[in-house]
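Along the sequence shown, residues are numbered consecutively beginning with 1.
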Amino acid sequence: MPAHRLPDLPRRVAIPVPVQTRATPATATPLERFNAASAEEAAQTLLACLHSHAWAHRLTAHRPYPDLSALLAAADEASYDLSPADLTEALTAETLPALPEDTYAAAHTALSAAHAAYESRFGHVFVISLDGLSPEETLNHVLTAVRSRLANDPDEERLVTAEELRRLARTRLSNTL
């Protein structure tokens with residue numbers, strides 16, 4: 001019975017119970033909170049995933065997203081459209097990939113030397129997505145990748161770096177939302 005037509009019950013009080021529907025879930029999902037957030041809050045969430053204001057602004061402006069897949073597709077599209085200046089902005093906020101705690105000192109030394117050579121050659125930090133790798137695979141994968149990518153010319157490396165940033169942003173978005 002609708003709330004406005006409560007039955008007349010002597011000495012009893014009828015308390016209407018809000019109807020819960022799919023449109024009004026009991027608790028909002030992270031994506032629903034992201035969609036409902038202010039533009040500034042949404043942009044801050046996105047900047048934690050990829051520090052490009054152009055990328056964050058584009059994704060914020062196209063809200064709401066019906067599901068995570070739609071947001072990830074939009075994030076991929078926006079990543080492909082980043083200018084060289086946008087990539088530089090994103091790279092300035094990136095840090096080196098973390099190694100497992102039990103990595104030998106010699107491995108840290110080798111990796112530090114490889115990172116230094118990479119930064120000297122390309123002028124920015126080495127970025128790589130390690131999504132899906134076990135901790136045991138991380139060190140070898142990073143060392144192999146940095147050595148291999150040192151052979152790239154700057155234009156080719158810019159493309160590889162942009163793809164790695166896209167993959168990092170996608171993983172971070174999935175983990176955040």
Side-chain angles (χ1 to χ4, degrees), residues 20-100 115 118-119 122-177:
Q20 183 176 339
T21 66
R22 286 189 194 188
T24 58
T27 57
T29 66
L31 180 61
E32 289 167 336
R33 287 192 299 275
F34 171 77
N35 282 333
S38 70
E40 184 177 321
E41 289 172 327
Q44 289 304 312
T45 297
L46 293 168
L47 288 169
C49 298
L50 182 69
H51 195 82
S52 164
H53 284 84
W55 182 81
H57 175 73
R58 182 170 169 180
L59 292 175
T60 300
H62 288 95
R63 290 177 306 153
Y65 295 97
D67 53 37
L68 184 58
S69 295
L71 174 58
L72 293 175
D76 285 347
E77 182 77 23
S79 294
Y80 294 132
D81 293 339
L82 292 176
S83 71
D86 297 329
L87 289 173
T88 299
E89 177 188 23
L91 285 168
T92 60
E94 289 297 324
T95 59
L96 296 174
L99 293 178
H115 282 147
Y118 181 92
E119 287 187 38
F122 297 112
H124 59 81
V125 69
F126 175 78
V127 292
I128 189 167
S129 173
L130 300 173
D131 190 37
L133 292 177
S134 70
E136 296 80 31
E137 298 171 296
T138 300
L139 177 62
N140 284 336
H141 186 75
V142 172
L143 279 171
T144 301
V146 74
R147 288 177 180 150
S148 170
R149 287 170 53 185
L150 277 167
N152 290 346
D153 66 59
D155 290 335
E156 183 181 5
E157 183 55 24
R158 198 77 163 162
L159 294 173
V160 173
T161 298
E163 177 61 16
E164 291 296 330
L165 282 171
R166 184 195 66 77
R167 291 178 62 210
L168 285 168
R170 187 178 180 84
T171 300
R172 291 169 182 162
L173 268 175
S174 294
N175 292 341
T176 301
L177 301 176

In short, ring pair (Phe, Tyr, Trp, His ring centres under 6.0 Å) pairs touching residues 37-63 with sequence neighbours left out are His51-His53

Does some side-chain heavy atom of [Y] sit less than 4.5 Å from a side-chain heavy atom of [X]?
{"X": "Leu50", "Y": "Leu46", "value": "no"}
{"X": "Val125", "Y": "Thr95", "value": "no"}
{"X": "Arg166", "Y": "Leu82", "value": "no"}
{"X": "Glu157", "Y": "Tyr118", "value": "yes"}
{"X": "Leu31", "Y": "Leu71", "value": "yes"}

List the residues meeting ring-ring contact (aromatic ring centres under 6.0 Å, His included) with Tyr65, not counting sequence neighbours, and say none if there are none.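 Listed in chain order: nothing, the list is empty.
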
Indicate whether the side chain of [X] and that of [Y] have a donor and an acceptor atom separated by less than 3.5 Å.
{"X": "Ser134", "Y": "Glu136", "value": "yes"}
{"X": "Arg158", "Y": "Thr88", "value": "yes"}
{"X": "Ser79", "Y": "Asp76", "value": "no"}

Please identify which of these residues, Arg167, Glu94, His141, meets the side-chain contact (heavy atoms from CB on, under 4.5 Å) condition with Ile128.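 Single pass found, and it is His141.
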
Under 4.0 Å between a side-chain nitrogen and a carboxylate oxygen: does that hold for Arg58 and Asp81?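 Yes.
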
